[in-house]
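Note that ligands are numbered from 1 as they come in the structure, with each ligand's atoms numbered from 1 the same way. Predicted, not measured: the structure shown is a model, and the values here were computed from it.
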Amino acid sequence: MAKVRENHRENVAGRANVEDTPELLAYYDELEKFEAGALWTVANKIEPWEPVSQSIPVVWRYKDLREHVLKSLELVTAEKAGRRVIYMNNPGRTDVAAAVGWIYAGLQVMNPGEVATAHRHSASAIRFIMEGTGAYTVVDGHKMTLGENDFVLTPNGTWHEHAVEADGSVCIWQDGLDIPFVNAMEANFFQVHPDLSEPVAFPVDDMTKTWGNAGLTPSSGDWDKGYSPMFKYEWAPTYEALTKYASCSDGSPYDGIMMEYVNPTNNGPVMKTMGASMQMLRPGEHTKAHRHTGSYLYHCAKGSGHSIINGKRYDWSERDIFCVPSWAWHEHVNASATDDACLFCLNDLPVMRALGLYREEALGENNGNQPIV
Ligand code: 1HN
């Protein structure tokens with residue numbers, strides 16, 4: 001009986017016991033002619049036992065990429081290139097340009113005085129400032145000024161225009177978009193603004209001033225779009241919040257002092273498809289390992305350390321970007337015994353949660369830490 005049960009289990013999982021007889025091979029060929037196939041020949045691939053990410057863990061080091069990013073200023077004009085971006089290409093992915101999972105990321109550079117053509121698309125984006133002064137983005141007529149470690153949302157369907165003030169400096173930022181996901185859903189539209197530029201229609205930074213006050217929302221502020229009205233999230237109040245939280249809590253064993261950027265109207269993620277967080281690893285902190293569904297793209301905003309991902313060590317320092325693919329074991333270590341380290345994270349957890357696909361697991365053995373292989 002046990003043998004029968006075992007056979008059944010194996011067969012259901014597609015590890016079929018069917019042998020390739022000449023008759024069966026001819027049958028498969030016949031099916032192919034009608035754009036069809038026998039499920040028992042492929043079920044194993046269609047339905048793995050657990051998530052199998054095509055993406056692999058990667059660290060994109062800023063010291064390697066920065067010079068190349070700056071070089072593009074000499075090689076191409078913003079007008080000709082459309083946008084000067086060096087994108088992150090996960091070597092595990094051959095189907096689409098993605099940094100991890102269904103998330104695209106790139107490093108974009110702009111000279112002072114440059115303005116990109118206003119446009120909108122179904123994909124949602126964030127722009128996280130890495131260096132330079134004078135960067136700003138106009139989102140649906142709201143001009144949001146941006147400094148280092150600030151980020152701006154350009155949610156799906158919003159007109160947006162990126163620029164750097166003439167009296168600013170060369171600016172480099174990280175773009176993060178859900179383009180691979182929206183393309184996989186075959187739902188992406190792109191449109192250039194009819195005037196190529198977008199007039200500023202509101203007081204500068206109004207959305208952060210209106211919606212970015214901790215514990216307070218405007219009494220008369222109606223907002224029911226599916227994304228945060230705050231548009232810009234600043235570094236100084238973020239770091240202050242992490243510091244305050246760290247003064248009275250141990251945070252999470254897996255993530256240290258971690259806080260989510262939220263849509264202030266519902267405490268949900270900043271956009272429907274992508275969430276963002278900032279986490280502080282206290283001096284000397286070494287977190288426990290866990291894994292979950294969803295793809296994570298980290299950006300070291302402060303300090304240095306390493307992460308152990310699926311048993312392998314990946315070192316990172318300020319401005320490095322690295323990824324943790326879905327269902328990969330990961331834990332983080334702050335290299336400093338005196339300073340904190342902060343990791344910004346862009347992820348697709350809102351999609352996982354909305355679709356009922358979120359699952360999380362802690363490492364039970366080895367005191368909760370992975371052996372390094
Ligand atoms: C895009 O629209 C932006 O708006 C950045 O800044 C990067 C990469 C691919 C496709 C569209 C932006 C992009 C992008």
Review point. Should Arg66 and Glu131 count as an ion pair when the cut-off is N to O under 4.0 Å?
Key: yes
Review point. Between Lys232 and Glu234, does at least one N-O distance fall below 4.0 Å, as a salt bridge requires?
Key: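 Salt bridge between Lys232 and Glu234, a charged N being under 4.0 Å from a carboxylate O: yes.
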**Study point:** Polar atom proximity, Arg83 to ligand 1 (N or O, under 3.5 Å)
**Key:**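 Yes; at least one N/O pair falls below 3.5 Å.
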Check your understanding: At the 4.0 Å heavy-atom cut-off, does His119 count as touching ligand 1?
Key -> yes
Exercise for review: Report yes or no: does Thr154 have a heavy atom closer than 4.0 Å to ligand 1?
Suggested key: no
Review point. Would you find more than 12 non-hydrogen atoms of other residues, nucleotides or ligands less than 6.0 Å from Asp222 atom CG?
Key: no
Check your understanding: Just heavy atoms, cut-off under 4.0 Å: does Leu177 contact ligand 1 by side chain, backbone, both, or neither?
Key -> side chain
Point to revise | For atom 5 (C) of ligand 1, the option (of Val152, Ile126, Asp175) bearing the nearest heavy atom | key: Asp175
State whether a side-chain donor-acceptor pair under 3.5 Å links [X] with [Y].
X	Y	value
His332	Ser307	yes
Asp340	Tyr239	yes
His299	Gln174	yes
Arg83	Gln108	no

Against heavy atoms of [X], which atoms of ligand 1 measure under 4.0 Å?
X	answer
His162	4 (O), 6 (O), 12 (C)
His121	1 (C), 2 (O), 4 (O)
His160	4 (O)
Ile179	9 (C), 10 (C), 11 (C)
Tyr104	8 (C)

